[in-house]
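Quick note: numbers below take in every heavy atom, side chains included, and nothing from hydrogens, waters or symmetry partners.
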There are 2 protein chains.
Amino acid sequence: MMMVRKSKGLGERHIKILGFLGEHQDKGYPPSIREIGEQTGISSTSVVNYYLEQLEKWGYIERDRHISRGMRVVPERLAELGSTFAAPVQALAQAINELIRIPLAGRIGASLPMPVPASDFSYYGPEEGVEIARSLLPAKKAEELFALEVSGTSMIDAMVNDGDIVIMRQISNAETKDGDMVAVWLPERDETTLKYFYKEKNRYRLQPANPTMEPIYIPKEEPLEIRGKVVMVIRKIASGAM
Amino acid sequence: MMMVRKSKGLGERHIKILGFLGEHQDKGYPPSIREIGEQTGISSTSVVNYYLEQLEKWGYIERDRHISRGMRVVPERLAELGSTFAAPVQALAQAINELIRIPLAGRIGASLPMPVPASDFSYYGPEEGVEIARSLLPAKKAEELFALEVSGTSMIDAMVNDGDIVIMRQISNAETKDGDMVAVWLPERDETTLKYFYKEKNRYRLQPANPTMEPIYIPKEEPLEIRGKVVMVIRKIASGAM
DNA sequence: ATCATACACGAACATGCGTTCCATGTCAAG
DNA sequence: CTTGACATGGAACGCATGTTCGTGTATGAT
């Protein structure tokens, strides 16, 4: 066989280029091949192109051939790098203006049968949505996420007020882990509630976010549906509330 | 004097161009003059350039001459348009990937002497900050904004929990209007609290956000300092809370 | 009427900038 | 040592794209 020296994996120059692409971000347009060369100490445009082709193959960037400055970084791919690399790329990932548009699936309230986003998340046009900075989220895939506007004060005990927007991730009963804050649908009580979820011997403990309030217990026999896991709560405060 | 027909103000073509710049946003790089022409029904590159120069003069975009696709929209300027124009620009403003980086000024807690951002908001480097989508904010200037991380559960009654991040706008006592949710510093009680603020005959009423809780009254004689107005509250919920 | 100005075209020109091809250097496998 | 994938340069080549200029047409102002 053959086993080349460094080959696979990002080399110093890949990092430099990626880093420069990030720094260049605030210019409003991508750099040209020559500009990349100057900044990364590569004298030949063909070499820069060589690396760009690799970055494209690895999936870190996308290019539109024959178009000046026709390239863009792929934030998702970059996010994967996480903190693997130091400063240069770190800063990059954060510099990448990346907003995630989360579909507003509807409203949720004590008695409302909690809506679930279009089963397959297929495609939602210019519907209403909430834009969140990727840097605010737990850096996971943006799919599976949906938002709900809270209607009514029934979730006061979960520290969630009327008008708040909760960002949720689709999750099944099985996937739910102790300590997750989830939206629970209790068919028998015809009630939806947001609580911290804990499995105990033969019951479920639903703990309110407000530490001054007591948990409620649900016997294991009672049906219980986890509709989603709360990832974030956003409260916009208007000028003249109340 | 002279008063030309339409002149001053954005015309249909300006709007179209601005709109196209927005739509083109997700490509990752700006369009070329010719591309703009095609999409907006302008056959001559010089005419497109003509409009771009105007948009630049009006401050809607910035250009880097002699650089392919060297232009970018100025979100702040665009935000001013507000809902003045219909769909096209509306969508634009929202499509503009624009994150606002709000400096994290520090922590706030019942007994902590609430920190205030670097007096003049001069310049803050890569300090910690929170990135918010402009579309989530009340579309005002991003300056004057700062964020605080809440420490402790002393503001539970304001529906704000330990770890929450509150986005605030600097505001003086005089500017405060009834109904604003503000951070109030009570020197005599050595206490900082978040409450809805109301002026009454000879006292101030500080109303908790949680409707089930009673307001507290501060006699007008007692010193009271409004440190900021709460614009938004963000709660990130970790997987294994509690 | 006459002129200045805003609005529009389209062609020509001069770079900007991506692409391609050829030559060279390096290191590991055979 | 030879071979070959990998890494770099450098210089052309040629389309991509911004800029400039000559022209033409409304509309107001004088």
Give the nucleotide from the list [options] with an atom nearest to the side chain of [X].
{"X": "R63(B)", "options": "dT19(D), dT17(D), dC17(C)", "answer": "dT19(D)"}
{"X": "I33(A)", "options": "dT17(D), dG18(C), dC7(C)", "answer": "dG18(C)"}
{"X": "S43(A)", "options": "dT19(C), dC9(C), dG10(D)", "answer": "dG10(D)"}
{"X": "S68(B)", "options": "dC17(C), dT19(C), dT19(D)", "answer": "dC17(C)"}
{"X": "T45(B)", "options": "dC17(C), dT19(C), dT20(D)", "answer": "dT20(D)"}
{"X": "S46(B)", "options": "dT19(C), dC17(C), dC21(D)", "answer": "dC21(D)"}

> So do K16(A) and I42(A) actually touch side chain to side chain, heavy atoms under 4.5 Å?
Replying inline: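 No, side chains not in contact.
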
> Heavy-atom distance under 4.5 Å between the side chains of I61(A) and I17(A), does that happen here?
Replying inline: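 They are not in contact (no side-chain heavy atoms under 4.5 Å apart), so the answer is no.
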
>> Strictly below 4.0 Å, N to O, side chains only: are R65(A) and E56(A) in salt-bridge contact?
In response: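 Between E56(A) and R65(A) there is a salt bridge, with a charged N closer than 4.0 Å to a carboxylate O.
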
> With the threshold set at 4.0 Å, does a side-chain nitrogen-carboxylate oxygen contact exist between R72(A) and D26(B)?
Replying inline: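 Looking at D26(B) together with R72(A), the answer is no, because their closest N to O distance does not fall below 4.0 Å.
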
> Are any of R69(B)'s side-chain N or O atoms less than 4.0 Å away from OP1 or OP2 of dG18(C)?
Replying inline: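 No, because none of the side-chain N or O atoms of R69(B) sits under 4.0 Å from OP1 or OP2 of dG18(C).
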
> OP1 or OP2 of dA6(C) less than 4.0 angstrom from a side-chain nitrogen or oxygen of Q54(B), does that happen here?
Replying inline: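 Answer no for this pair, as no side-chain N or O of Q54(B) is under 4.0 Å from OP1 or OP2.
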
Interatomic distance, [X] [atom1] vs [N] [atom2] [rounded to whole Å]:
{"X": "K57(A)", "N": "dA7(D)", "atom1": "NZ", "atom2": "C1'", "result": "14 Å"}
{"X": "R34(A)", "N": "dG16(C)", "atom1": "CZ", "atom2": "P", "result": "9 Å"}
{"X": "D64(A)", "N": "dT19(C)", "atom1": "CG", "atom2": "P", "result": "10 Å"}
{"X": "N49(A)", "N": "dC22(C)", "atom1": "CG", "atom2": "P", "result": "16 Å"}
{"X": "R65(B)", "N": "dC17(C)", "atom1": "CZ", "atom2": "C1'", "result": "19 Å"}
{"X": "Y50(B)", "N": "dG18(D)", "atom1": "OH", "atom2": "P", "result": "19 Å"}
{"X": "H66(B)", "N": "dT19(D)", "atom1": "NE2", "atom2": "P", "result": "6 Å"}
{"X": "E35(B)", "N": "dG18(D)", "atom1": "CD", "atom2": "C1'", "result": "13 Å"}

